[in-house]
Amino acid sequence: MDVILAFLVGVVYQADMLLMESRQMIGLLAAFLAAVLAARLGWHGTDRVLTWRGRSEED
């Protein structure tokens, strides 16, 4: 009985550690994706502003 209980506690502990580690990796991935999206939107917005200013100067 003690062996089974020790095995179950070990399995639960390993699963908990795996979830904690994957949480950090998911957070890093989400931060990276947010930075890429912000850069993409910033680039797109800058292009639009430059195009708009270029049109107003031509008039």
Side-chain angles (χ1 to χ4, degrees):
M1 188 65 170
D2 288 339
V3 174
I4 294 173
L5 182 60
F7 176 73
L8 289 175
V9 169
V11 168
V12 169
Y13 179 74
Q14 286 178 351
D16 183 50
M17 292 303 290
L18 180 64
L19 285 174
M20 292 299 275
E21 287 181 19
S22 64
R23 230 180 189 179
Q24 291 176 354
M25 293 304 291
I26 290 169
L28 287 173
L29 180 63
F32 176 76
L33 287 176
V36 168
L37 285 173
R40 178 77 175 147
L41 289 174
W43 185 266
H44 185 69
T46 302
D47 283 346
R48 289 208 175 222
V49 168
L50 290 175
T51 302
W52 175 72
R53 288 188 71 194
R55 285 184 192 159
S56 64
E57 289 176 0
E58 291 174 1
D59 291 340

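This one's a predicted model, so the numbers in the text were calculated from it and none came from an experiment.
- With a 6.0 Å radius and a threshold of 12 heavy atoms from other residues, nucleotides or ligands, I4 has its CD1 atom at or below the threshold.
- Here CG of D2 is found 7.0 Å from CG of L5. Values are rounded to the nearest 0.5 Å.
- If you take CG on L28 and CG on L33, they are separated by 11.0 Å, rounding to the nearest 0.5 Å.
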Determine whether R40 and H44 satisfy the following criterion, side chain to side chain donor-acceptor pair (under 3.5 Å), listing intermediate values before the conclusion. CA-CA 6 Å; R40 178 77 175 147; H44 185 69; 5.9 Å; no

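- We find the CZ-CG distance between F32 and L37 to be 10.0 Å, quoted to the nearest 0.5 Å.
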